[in-house]
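Heads up, the thing below is written out as structure tokens.
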Amino acid sequence: MLDPKLIRNNPEAVKKGLKNRKADASLVDRFLAVDEEWRKLTAEVDQLKAKRNEVSDKIGQMKAKKEKSDDVIAEMKSVSARIKELDAELQQVEQRLNDISFGMPNLPHMSVPLGVDARDNLEIRNWGKSTKFSFQPKAHDEIGKDLGILDFAAAAKISGARFVVNRGQGAALERALISFMLDLHTKENGYTEVMTPVLVNPKSMQGTGQLPKFEEDLFKMKDEELYLIPTAEVSVTNLHREEILLVDQLPIKYVCHSLCFRREAGSYGKDVKGIIRQHQFNKVELVKFVEPDKSSDELEKLTFDAERVLQKLELPYRVIELCTGDLGFSAAKTYDLEVWFPSEDKYREISSCSNFESFQARRAAIRYKASATAKTEYLHTLNGSGLAVGRCLAAILENYQQSDGSVVIPKVLRPYMSGCEKISK
RNA sequence: GGAGAGAUGGCUGAGUGGCUUAAAGCGGCGGUCUCGAAAACCGUUUUCCGCUUCUGCGGAACGCAGGUUCGAAUCCUGCUCUCUCCGCCA
């Protein structure tokens, strides 16, 4: 949610920001119109309520003195009826205002490059040399099938398309990756590990921005008002919903492993092979709560924390800065990490690190006090994958494959796999 | 799933229709005292919204949503959550 004062005082700047990210700039004018109506009604209702409070107080005093108050009560009856009418009207206007506010995306940060779509994204830096082979490298799903560690047929039988069963060393490798990432972020990068529910209420989904606009992307329970999280960002960010934190608690840094669930509606033809795009996948997520003036620096650090995973796994990657047109709904600025997939001869997204500034904090009412006497203010939230585990496993299979079809285990993972150095048939 | 109890400010905890403008205590903040601190004493204390900005004025919020009433923390209805006991269960 954007600051309503910013929209009122600086509508042209907001429109420009919305246009830059290809959003509907007419939302601003609709907001302003409804907002004015809302303020007018609010003033009228408040005035009537002030009168009601005053006169009701007087009635109490008259009753205490046993004076007659029938005619005053009769008069107040009509005032109360009018208040009820206006309150109902106000509620409707408020609902309309909320619909507009919660449907409006975040504004891009000043530093974000202008652009229309993914083609305008910028490569910021790259690490490692794209893996070269003396043989024709296989795709990860083929490697997994051949080694008997990824079973798509079994997953299709028990669940359907876009699911996978990990078997034997394939399951162990996934578990090793999760443990390795959690250890790295807790022991070396200073994050606190949390384990949160994967089913959350609608309010949590609204807090981080998945609702109301993106309900079709979510799995929803049939008999309960609960949704499966598409990312631990939702449950972890909402950990502090409707709280006022003290400045010395900041920054708060959480790392959370969770399963993530996505319907992938509208991506039917996309990435149907392999484990790149699944309805259910493991992810280790980093989430930060920081003071507003520190969030830009914290995004750089967060991105670097995610990069360290790829560096330690010795997987070649690059860092992409998303242009204004490619930003997600809630993000003010985003870096994507893309890892090298030799079978496709290209980089693919494995992490997305974003600064949401006060957008989510405002939706979820997460505030802080800069000192005991200071005003409460919205803090800034950030998050990033550190990393998507399934895609990471796929990248390892491809980059560490050998000519005999076996896959070498990255050195840092071996302690997590009972010293196993290689998966072979 | 069954039976019962409960939800009040940062915390504890009073408050069963109008001197409650939510008591009191703890904690926090400011001050007096002190070389400094502690203690003591004095003062202060939530969040949100609108109007006005020099101060300020008004409204809302006692789990949530409705209702009764001139007036609701207080009465009524529904819901959510927490706790206790029983049943079931990893």
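Lettering of chains follows the sequences in order, A, B, ..., and the numbering in each one begins at 1.
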Across all strands, who's sitting opposite [N] as a Watson-Crick or G-U wobble pair, both distances under 3.5 Å?
{"N": "B:C85", "result": "B:G2"}
{"N": "B:A7", "result": "B:U80"}
{"N": "B:U21", "result": "none"}
{"N": "B:G30", "result": "B:C42"}
{"N": "B:U47", "result": "B:A60"}
{"N": "B:A73", "result": "none"}

For this session: State which of B:C51, B:U47, B:C70 makes the closest approach to the side chain of A:S80.
Result: B:C70
Exercise. Of all the nucleotides listed (B:C70, B:G50, B:U47), which has the minimum atom distance to the side chain of A:I59?
Worked result: B:C70
Exercise. Starting at the 5' end of RNA chain B, which residue's closest nucleotide do you reach first, A:G60 or A:R39?
Worked result: A:G60
Exercise. Want to settle it: does A:Y378 or A:I73 sit nearer the 5' end of RNA chain B, counting the closest nucleotide to each?
Worked result: A:Y378
Taking the same atom, [atom1], in [N] and in [M], what whole-Å distance lies between them?
{"N": "B:U46", "M": "B:A40", "atom1": "C1'", "answer": "28 Å"}
{"N": "B:A90", "M": "B:U77", "atom1": "P", "answer": "39 Å"}
{"N": "B:C19", "M": "B:G30", "atom1": "C1'", "answer": "30 Å"}
{"N": "B:G13", "M": "B:C26", "atom1": "C1'", "answer": "11 Å"}
{"N": "B:G71", "M": "B:G59", "atom1": "P", "answer": "15 Å"}
{"N": "B:U16", "M": "B:C85", "atom1": "C1'", "answer": "29 Å"}
{"N": "B:G9", "M": "B:U44", "atom1": "C1'", "answer": "15 Å"}
{"N": "B:A14", "M": "B:U69", "atom1": "C1'", "answer": "25 Å"}

Separation of [X] atom [atom1] from [N] atom [atom2], in whole Å?
{"X": "A:L48", "N": "B:C51", "atom1": "CG", "atom2": "P", "result": "17 Å"}
{"X": "A:D57", "N": "B:C70", "atom1": "CG", "atom2": "P", "result": "17 Å"}
{"X": "A:Q61", "N": "B:U21", "atom1": "CD", "atom2": "C1'", "result": "13 Å"}
{"X": "A:L246", "N": "B:U47", "atom1": "CG", "atom2": "P", "result": "12 Å"}
{"X": "A:M76", "N": "B:A72", "atom1": "CE", "atom2": "P", "result": "11 Å"}
{"X": "A:Y368", "N": "B:G10", "atom1": "OH", "atom2": "P", "result": "19 Å"}
{"X": "A:E94", "N": "B:C48", "atom1": "CD", "atom2": "C1'", "result": "11 Å"}
{"X": "A:E243", "N": "B:U47", "atom1": "CD", "atom2": "C1'", "result": "14 Å"}

Exercise. Is A:T186 reaching over with its side chain to a backbone N or O of A:D183, donor-acceptor style, under 3.5 angstrom?
Worked result: yes
For this session: Apply side chain to side chain contact (heavy atoms under 4.5 Å, CB included) to the pair A:V389 and A:F281, showing each step before the final yes or no.
Result: CA-CA 7 Å; A:V389 179; A:F281 59 97; over 6 Å; no
Problem set entry | Salt-bridge present (A:E243, A:R367; N to O < 4.0 Å) | no
Exercise. Less than 4.0 Å between a side-chain N and a carboxylate O, is that true for A:K220 and A:E225?
Worked result: yes
Exercise. Which residue, A:E233, A:Q206, A:H380, forms the side-chain hydrogen bond (donor to acceptor under 3.5 Å, both in side chains) with A:Q360?
Worked result: A:E233
Exercise. Only one of A:R348, A:E338, A:Q311 forms a side-chain hydrogen bond (donor to acceptor under 3.5 Å, both in side chains) with A:Y317, so which one is it?
Worked result: A:Q311
Seminar exercise, completed: Taken to the nearest 0.5 Å, the spacing of A:C392 SG from A:L413 CG works out to 7.5 Å
Exercise. Can you tell me how far CG of A:N9 sits from CG of A:D3, rounded to the nearest 0.5 angstrom?
Worked result: 8.5 Å
Problem set entry | Per-nucleotide protein contact string for nucleotides 55-67 of chain B, where B marks a base within reach and S marks sugar-phosphate only (heavy atoms under 4.0 Å, - for neither) | ---BSS-----SS
With a 4.0 Å cutoff (strictly under), does any side-chain N or O of [X] reach OP1 or OP2 of [N]?
{"X": "A:S56", "N": "B:A72", "value": "no"}
{"X": "A:R8", "N": "B:C49", "value": "no"}
{"X": "A:K369", "N": "B:U47", "value": "yes"}

Exercise. Does a sphere of radius 6.0 Å around NZ in A:K138 hold more than 12 heavy atoms from other residues, nucleotides or ligands, not counting ones at 6.0 Å or beyond?
Worked result: yes
